[in-house]
Amino acid sequence: MHKSVLNLVNIQNEIKLNFKRVPNIIAVSKTFSSIQILPLLDHGHINFGENKVQEALDKWVDLKSKYKNIKLHMIGKLQTNKVKNAISLFDYIHSIDNKKLAEKIANEQQKQNKSIKFFIQVNIGDEEQKSGISKKDLREFLSFCKNLKLNIVGLMCIPPISSNSDNYFNEMKILNKELNLQELSMGMSSDYLNATRNSSTYLRIGSKIFGNRV
Ligand SMILES: *Cc1c(COP(=O)(O)O)cnc(C)c1O
């Protein structure tokens, strides 16, 4: 078995040992080449994540035409001038966090006659430099997105680094429930067990599957 596939299976088994349920795992392939992604595709893995539109186009236009079941997730910050390509390539966008972007996306979906799925990114640690909508604006922003007919499936967060992620994940779980959303995008290589404990449904795991990025 290829190393990346072995890593994925080990993570799935570790989660199974600790919890009743295994969330979806998004294999975050940013910086890794098509050749490095192929073993996971041949293993039948479905969910992959990228954080840059151009890099994703370069790799995934081809791969998606061969592996038609793939679900591709945009997990990085999305500039409005990249929305057109993002809507044509991705199945999920995890990083909606402002009204201008939401409007641009709604507009582009209409043009392309497409409807993909979205997460609203929440700045759960109230960090000045971080992307994400603040907690106080979240409810209003969700209605705004729903009025635009965006299919918002859940909330996404990246908790503050070097913090105990447990409290933030728990807060996300409560927010998601209050807003009646089904999916929850949280948990990375260092904290996916905490995220699973707090009802995450989409883990975004990169280095623990593919190895360290250079
Ligand atoms: C890179 C990235 C990940 C994966 O990070 P790892 O620590 O390598 O698992 C998850 N989420 C986002 C938003 C990322 O940019």
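Just follow the structure's listing: the first ligand is 1, and inside any ligand the first atom is 1. What's counted below: heavy atoms across the whole structure, side chains too, no hydrogens, waters or symmetry copies.
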Within ligand 1, which atoms have a heavy atom of [X] less than 4.0 Å away?
{"X": "Gly206", "result": "4 (C), 6 (P), 8 (O), 9 (O)"}
{"X": "Ile205", "result": "9 (O)"}
{"X": "Arg204", "result": "4 (C), 9 (O), 10 (C), 11 (N), 12 (C), 13 (C)"}
{"X": "Ile158", "result": "13 (C)"}

Is the shortest distance from a Lys or Arg side-chain nitrogen in Glu50 or Lys59 to a carboxylate oxygen in the other one below 4.0 Å?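 Result for this pair is yes, salt bridge flagged.
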
Looking at Glu55 and Lys52, is any side-chain nitrogen of the basic one under 4.0 Å from a carboxylate oxygen of the acidic one?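 Answer for the salt bridge query: no.
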
In the protein, what heavy atom is nearest to [atom], and what distance, to one decimal place, separates them?
{"atom": "atom 6 (P) of ligand 1", "answer": "Ser189 OG, 3.4 Å"}
{"atom": "atom 12 (C) of ligand 1", "answer": "Ile75 CD1, 3.4 Å"}
{"atom": "atom 5 (O) of ligand 1", "answer": "Met188 CE, 3.5 Å"}

Of the backbone atoms (N, CA, C, O) and the side-chain heavy atoms from C-beta on, which set of Lys208 has a member under 4.0 Å from an atom of ligand 1: side chain, backbone, both, or neither?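 Neither part.
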
Heavy-atom distances under 4.0 Å decide this one: backbone, side chain, both or neither, for Lys30 against ligand 1?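 Within the 4.0 Å criterion, Lys30 contacts ligand 1 through side-chain atoms alone.
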
Just to verify, what does Asn107 make a side chain to side chain donor-acceptor pair (under 3.5 Å) with, not counting sequence neighbours?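 Side chain to side chain donor-acceptor pair (under 3.5 Å) list for Asn107, sorted by chain: empty.
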
Got more than 12 heavy atoms from elsewhere within 6.0 Å of CD, Gln112?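 Yes.
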
Using a 6.0 Å cut-off, check whether atom CG of Asn69 has over 12 heavy atoms from anything other than its own residue.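 No, CG of Asn69 has 12 or fewer neighbouring heavy atoms, counting only those of other groups under 6.0 Å.
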
Hey, are the side chains of Gln79 and Val53 touching, using non-hydrogen atoms and a 4.5 Å cut-off?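 Side-chain contact under 4.5 Å: no.
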
Of Phe210, Phe90, Phe32, Trp60, the residue whose pairing with Phe48 passes ring pair (Phe, Tyr, Trp, His ring centres under 6.0 Å):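 It is Trp60, the one option of Phe210, Phe90, Phe32, Trp60 that forms the ring pair (Phe, Tyr, Trp, His ring centres under 6.0 Å) with Phe48.
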
Looking at ligand 1, is there an atom of it that comes within less than 4.0 Å of some heavy atom belonging to Arg213?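 A heavy atom of Arg213 does come that close to ligand 1.
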
